[in-house]
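Take a look at the structure below.
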Protein chains: 2
Amino acid sequence: MKKFTKTLIKNSLRRIFLYRACLNRLKMMGMEKVFSYTLAMEAGVSPDQVRKDFSEFNIKGNKRGGYNIDELLEKMENIFYKNREHNIVLVGMGNLGLALSKYSRFLQRNMNIVATFDIDPFKQKARTEIPVYGMDRLKEIIQRFKVKVAIIAVPEISAQQVCDDLVKAGVKGIVNFAPVLLKTPPNVIVNNVNLCDELESVIYYVHHQLKIEGLKNIELLYGDMK
Amino acid sequence: MKKFTKTLIKNSLRRIFLYRACLNRLKMMGMEKVFSYTLAMEAGVSPDQVRKDFSEFNIKGNKRGGYNIDELLEKMENIFYKNREHNIVLVGMGNLGLALSKYSRFLQRNMNIVATFDIDPFKQKARTEIPVYGMDRLKEIIQRFKVKVAIIAVPEISAQQVCDDLVKAGVKGIVNFAPVLLKTPPNVIVNNVNLCDELESVIYYVHHQLKIEGLKNIELLYGDMK
DNA sequence: TACTTAATGTGAAAAAATTCACAAAAACAC
DNA sequence: GTGTTTTTGTGAATTTTTTCACATTAAGTA
Ligand SMILES: NC(=O)c1ccc[n+]([C@@H]2O[C@H](COP(=O)([O-])OP(=O)(O)OC[C@H]3O[C@@H](n4cnc5c(N)ncnc54)[C@H](O)[C@@H]3O)[C@@H](O)[C@H]2O)c1
Ligand SMILES: NC(=O)c1ccc[n+]([C@@H]2O[C@H](COP(=O)([O-])OP(=O)(O)OC[C@H]3O[C@@H](n4cnc5c(N)ncnc54)[C@H](O)[C@@H]3O)[C@@H](O)[C@H]2O)c1
């Protein structure tokens, strides 16, 4: 039986995002070029991995000269279709939605939240500059702005309904913050962000690490018994 | 050269979180047991994968009888050390920090934000019930509550400094929302959550999908030319 | 110009993750 | 109780990802 999944995000693409973040930082620090070694150090991967990833996306550098940071960044922007503007909508203007709507980095990266929606659009209107609409205008506005990607920040219980409405209105990609797995047609991409899981996975590793450290201490006490 | 990374989160563990979310939902829908097939459908993976993952974490079911949902959930809680309470701190009470501090699901899952910190602790004090302290009390409170895990929601520019302070105070795991890669000693786990990247990766896939669909249409127009 | 050095880029090898395939166990049927 | 069916659990096979290794290229040097 084949996999059912459709939300898989390739490791190499994930790392391209990572490299870009590193490059931006290195650039800010005044650097103009990098070697795979430098970037690898910065990103926490191996230099081979960096070169292999670049190879996959057909990014070329200069033999012995490394990579020009600006050129790299530009190539990456192309990968992300960054030249174009992307219109986004956000559904659910509660605590999280409000924070996201104020997040300026989205715009810095050409992702423009053109409208937000809430079942109760009057609640947050005063606290934000982005328009807040009722759900009845979802389809109209998504189509007007040719929106293809949406953020869901409504309670768990409403998420699937909102998702269905978005898909009906023509949305093809969703970042979902509600802790449910959304059901969508196969041509609609969903990226679930589950902050509880992120926190819990850290707790998991911390406890394991502590356990391992504890065991090491025991070993130190009793010596190597192998 | 070996990898430098230390923030890798194993796929199988990620999926255990996924399975738990699915199981909770299935339970809510009134189900009491599942087969690997059912859970796989729900989680969007293959049944083999489910069984293999369970095998890795030494979770056993009943031949021909599938798995009892409650037992599964309990075993998973053990994996996550869920029986214990986990004290967490949150640094940075801006837009995102405020939303996170109000997120009730953390507590539902035994993760208790015992205190929050901000360079300007008076700003948000009125808007939240969790105490907001100045950075001068970080070490004291972390040690008093035996906090091992922290959330960073401060601006990019301050994140490394805050991270260093947390590590000095004894924190062993960090969920970082600032879009920078933090440098930590090897025994400190960092999980970076980059919401821009999550959004951009969806945009990437949507555009590729659209491109592929476009190509398919061209193929349909011209027939199979192989 | 020729020689040395330092980096990339990519097939090949190794490792890791996933899928296959089937023996073993349990439930059910008669 | 015997036979059939269904599902688990896990080694083996396969696929994917990562790492290795080195030929290739460019820069520096004398
Ligand atoms: N607050 C956080 O920090 C946080 C963190 C991670 C995940 N989440 C998740 O994000 C979602 C929102 O969390 P929140 O804390 O902002 O909750 P919230 O209750 O503050 O906000 C939810 C908003 O959605 C609106 N809403 C409800 N039903 C709707 C519908 N059918 N259509 C349109 N809008 C609707 C509500 O009016 C409200 O404004 C939840 O699923 C939550 O689990 C929140
Ligand atoms: N707002 C969002 O939705 C969002 C989304 C993704 C990521 N982020 C990231 O999360 C971080 C916070 O975002 P925000 O929108 O909440 O920003 P914000 O400016 O609203 O909040 C930052 C808070 O950190 C505090 N702070 C600044 N320096 C500090 C220091 N040295 N020690 C302690 N506290 C300090 C400030 O007083 C402020 O309250 C940023 O790094 C941002 O990139 C935010």
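Values below: every heavy atom of this structure, side chains too, minus hydrogens, waters and symmetry copies. Proteins come first, then strands; the chains are lettered A, B, ... in the order of their sequence lines, and each starts at number 1.
Salt-bridge check for A:Lys183 with A:Asp164: failed, with every basic side-chain N at 4.0 Å or more from each acidic carboxylate O.
Within the structure, ring-ring contact (aromatic ring centres under 6.0 Å, His included) pairs that include any residue of residues 155-204 of chain B comprise B:Tyr204-B:His208 (at least two apart or interchain). Every pair passing ring-ring contact (aromatic ring centres under 6.0 Å, His included) that includes a residue from residues 39-59 of chain A is listed here, sequence neighbours excluded: A:Tyr19-A:Phe54, A:Phe54-A:Tyr67.
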Expected list for residues 100-107 of chain A: side-chain donor-acceptor pairs under 3.5 angstrom, two or more places apart:
unit_1: A:Ser101; atom_1: OG; unit_2: A:Leu98; atom_2: O; d: 2.7
unit_1: A:Arg105; atom_1: NH2; unit_2: B:Glu156; atom_2: OE1; d: 2.2

- Produce a footprint string for nucleotides 2-8 of chain C: one letter per nucleotide, 5' end first; B if the base is under 4.0 Å from any protein heavy atom, S if only the sugar-phosphate is, - if neither. ---BBBB

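Counted by atom type alone, A:Asn110 and A:Glu85 present zero donor-acceptor pairs between their side chains at under 3.5 Å.
Between the CG atom of B:Asp48 and the C1' atom of D:dT15 there is a distance of 14 Å, rounded to whole Å. The distance between atom CG of A:Asn11 and atom C1' of C:dA17, rounded to the nearest whole Å, is 11 Å. The separation between A:Asn68 atom CG and D:dA26 atom P is 16 Å, rounded to whole Å. If you take CG of B:Leu39 and P of D:dT8, they are 10 Å apart, rounded to a whole angstrom. One can place CD of B:Glu71 at 14 Å from P of D:dT8, the figure rounded to the nearest angstrom. Rounded to an integer number of Å, the gap from CZ of B:Phe54 to C1' of D:dT8 is 11 Å. Note: NZ (A:Lys52) to C1' (C:dA15) measures 14 Å, nearest angstrom. Between B:Lys33 atom NZ and C:dA26 atom P the separation is 14 Å, expressed in whole Å.
Taking only side-chain nitrogens and oxygens, B:Gln49 comes nearer than 4.0 Å to OP1 or OP2 of C:dT19. Of the side-chain N and O atoms in A:Arg15, none sit less than 4.0 angstrom from OP1 or OP2 of D:dT17. Using a 4.0 Å cut-off, no side-chain N or O of B:Ser55 falls inside it from OP1 or OP2 of D:dG9.
Taking the side chain to side chain donor-acceptor pair (under 3.5 Å) definition, one finds that A:Asn112 meets it with nothing, sequence neighbours left out. Remark: B:Glu74 pairs with no residue by the side chain to side chain donor-acceptor pair (under 3.5 Å) rule, at least two apart or across chains.
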